[in-house]
Amino acid sequence: MLTEKCAHFLSCPVDDVPMEYEGTAVRCVNGHSFDISREGYVNLMPRRKKLHETIGDNKEMLAAREHFLEAGHYDTLVREINRLIKNNLTKPRRDTCALEVGSGTGYYLRKVMQKLSQPDICYFGSDISKEATQFSAKQNPDATFLVADTHEKIPIKSNSVQLLLDIFSPRNKAEFQRLLADNGFLLIVIPGETHLKEIIPELGLIGYEEEKSAQIKNDYQNVLTLLKNTALEYPITLTAESLRDLVKMGPNHWRFSADMNKKIQQIAPVEVTASFEIFLYRNNL
């Protein structure tokens with residue numbers, strides 16, 4: 001839920017000037033106004049921008065992801081994310097905020113908030129999907145969620161983000177560099193080389209993108225300081241229900257079919273590899 005204290009971190013998506021809190025809306029000095037929804041999120045997508053209906057998560061994808069994550073399959077990943085943040089973000093600054101881009105259900109942001117236990121920090125999540133933002137606002141009332149496109153200008157003030165999370169989400173090098181405060185941290189998580197290797201060919205899922213890791217390293221090597229590059233791998237056992245959730249919670253959702261469901265029933269329960277690559281950067285160049 002947006003508060004007056006946290007509203008001052010917002011910038012107008014139309015003309016990039018500060019926003020002011022007005023109780024049921026936020027407004028810039030040039031008169032551009034954006035309503036705060038009943039659920040507490042704010043749609044800061046420029047009204048002229050039209051999106052394809054398949055961009056972003058829908059309700060079925062969000063429900064599958066929340067169910068899968070709450071079942072604990074990625075708890076080891078969550079603990080490693082929180083360990084890295086807790087060990088490095090030793091003194092959160094009140095003049096900065098935390099932001100997760102592509103926040104989806106808000107699950108990872110929620111876990112970070114619980115671990116940091118810093119109620120004075122303003123926590124934001126942004127997602128291009130209005131349904132995702134509405135869902136996450138209901139699940140996480142102590143954070144503020146914004147409808148915004150990571151590929152465009154993110155409506156947060158420059159140099160104001162002390163912790164920027166990008167977990168299985170699109171990246172925007174220029175925007176991340178603009179947003180990060182001095183000595184701010186950027187944490188990126190992508191699937192690892194062996195992620196789900198046992199079922200990718202069986203079910204025809206999207207496989208490992210070899211160039212993604214190299215691209216991240218190339219993008220930030222002369223921009224931010226790499227503090228940690230961790231490979232995390234462990235086995236998880238999936239029932240047919242969990243496997244369906246796994247397929248439906250991401251881009252493989254659009255490939256789900258009756259034939260795939262039949263294959264899932266045949267192979268489950270199955271032990272698969274959960275593999276992730278984590279990058280932790282600091283903005284101190």
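For the single chain, residues carry numbers from 1 onward in sequence order. Computed from a prediction, not measured in an experiment: that's the story for all the values here.
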Quickly, which of Asp166, Asp219, Val161 forms a side-chain contact (heavy atoms from CB on, under 4.5 Å) with Phe176? Name it, please.
Asp166
I need the single residue from Leu10, Asp127, Thr133, Ile154 that forms a side-chain contact (heavy atoms from CB on, under 4.5 Å) with Leu146. Which is it?
Leu10
State, with a plain yes or no, whether a side-chain heavy atom of [X] is found less than 4.5 Å away from one of [Y].
| X | Y | answer |
| --- | --- | --- |
| Ile188 | Arg171 | yes |
| Phe9 | Thr144 | no |
| Val26 | Glu20 | no |
| Phe185 | Leu164 | no |
| Asn183 | Arg282 | yes |
| Leu232 | Val189 | no |
| Arg94 | Ile121 | no |
| Leu280 | Ile85 | no |

For [Y], is there any backbone N or O sitting under 3.5 Å from a side-chain donor or acceptor partner on [X]?
| X | Y | value |
| --- | --- | --- |
| Asn252 | Arg255 | no |
| Asn218 | Ala214 | no |
| Ser136 | Gly106 | no |
| Asn283 | Ala181 | yes |
| Arg65 | Met249 | yes |
| Asp35 | Ser37 | no |
| Asn140 | Thr105 | yes |
| Gln162 | Gly184 | no |
| Asn172 | Thr150 | yes |

Contact summary for [X] and [Y], nearest pair of heavy atoms:
| X | Y | answer |
| --- | --- | --- |
| Gly250 | Met61 | O-CE, 3.4 Å |
| Tyr74 | Tyr234 | CA-OH, 3.3 Å |
| Gly56 | Ile128 | CA-CG2, 3.9 Å |
| Asp57 | Ser129 | O-OG, 2.6 Å |
| Ile156 | Leu179 | O-CD2, 3.4 Å |
| Tyr107 | Leu69 | OH-O, 3.3 Å |

Once you round to the nearest 0.5 Å, how far does [atom1] of [X] lie from [atom2] of [Y]?
| X | Y | atom1 | atom2 | value |
| --- | --- | --- | --- | --- |
| Ile36 | Leu2 | CD1 | CG | 4.5 Å |
| Leu109 | Leu99 | CG | CG | 8.5 Å |
| Ile190 | Phe168 | CD1 | CZ | 9.5 Å |
| Cys97 | Phe124 | SG | CZ | 5.5 Å |
| Met19 | His8 | CE | NE2 | 14.0 Å |
| Ile199 | Leu238 | CD1 | CG | 6.5 Å |

Electrostatic pair [X]-[Y], nearest N-O below 4.0 angstrom:
| X | Y | value |
| --- | --- | --- |
| Lys153 | Asp16 | yes |
| Glu22 | Arg27 | yes |
| Lys138 | Glu66 | no |
| Glu80 | Arg83 | yes |
| Lys248 | Glu60 | yes |

Please indicate whether [X] has more than 12 foreign heavy atoms, meaning atoms of other residues, nucleotides or ligands, lying under 6.0 Å from its [atom1].
| X | atom1 | answer |
| --- | --- | --- |
| Gln118 | CD | yes |
| Asp182 | CG | no |
| Lys157 | NZ | yes |
| Lys86 | NZ | yes |
| Lys228 | NZ | no |
| Glu4 | CD | no |
| Glu210 | CD | no |
| Glu193 | CD | no |

Test Thr96 against Arg93 for side chain to side chain donor-acceptor pair (under 3.5 Å), laying out the working first.
CA-CA 6 Å; Thr96 59; Arg93 289 164 41 192; 4.6 Å; no
Quick check on the hydrophobic clustering: are [X] and [Y] connected, directly or via other members, by side-chain heavy-atom contacts under 4.5 Å?
| X | Y | answer |
| --- | --- | --- |
| Leu203 | Ile206 | no |
| Tyr208 | Ile200 | no |
| Ile264 | Leu205 | yes |
| Leu77 | Leu196 | yes |
| Met113 | Phe135 | no |

Using the rule given for side chain to side chain contact (heavy atoms under 4.5 Å, CB included), can you reason through Arg244 versus Gln265, listing the C-alpha separation, both sets of side-chain angles and the distance that settles it, and then say yes or no?
CA-CA 9 Å; Arg244 279 193 295 270; Gln265 294 287 1; 3.0 Å; yes
Residue list, side-chain contact (heavy atoms from CB on, under 4.5 Å) with Ser158, at least two apart or on another chain
Arg178
Kindly say whether the aromatic ring centers of His73 and Phe68 come within a distance under 6.0 Å.
yes
Cysteines Cys6 and Cys122 with SG distance under 2.5 Å
yes
Distance-only criterion, 3.5 Å: show the donor-acceptor pairs between side-chain atoms of residues 266-279 and protein atoms not counting sequence neighbours.
unit_1, atom_1, unit_2, atom_2, d
Thr273, OG1, Glu198, OE2, 2.6
Ser275, OG, Thr194, OG1, 3.3
Glu277, OE1, Ser213, OG, 2.9
Glu277, OE2, Ser213, OG, 3.1
Glu277, OE2, Asn229, ND2, 3.1

Quick one, Lys130 with Glu39, criterion salt bridge (Lys or Arg N to Asp or Glu O under 4.0 Å). Give me CA distance, side-chain angles, the key distance, then yes/no.
CA-CA 12 Å; Lys130 180 179 176 181; Glu39 296 83 3; over 6 Å; no
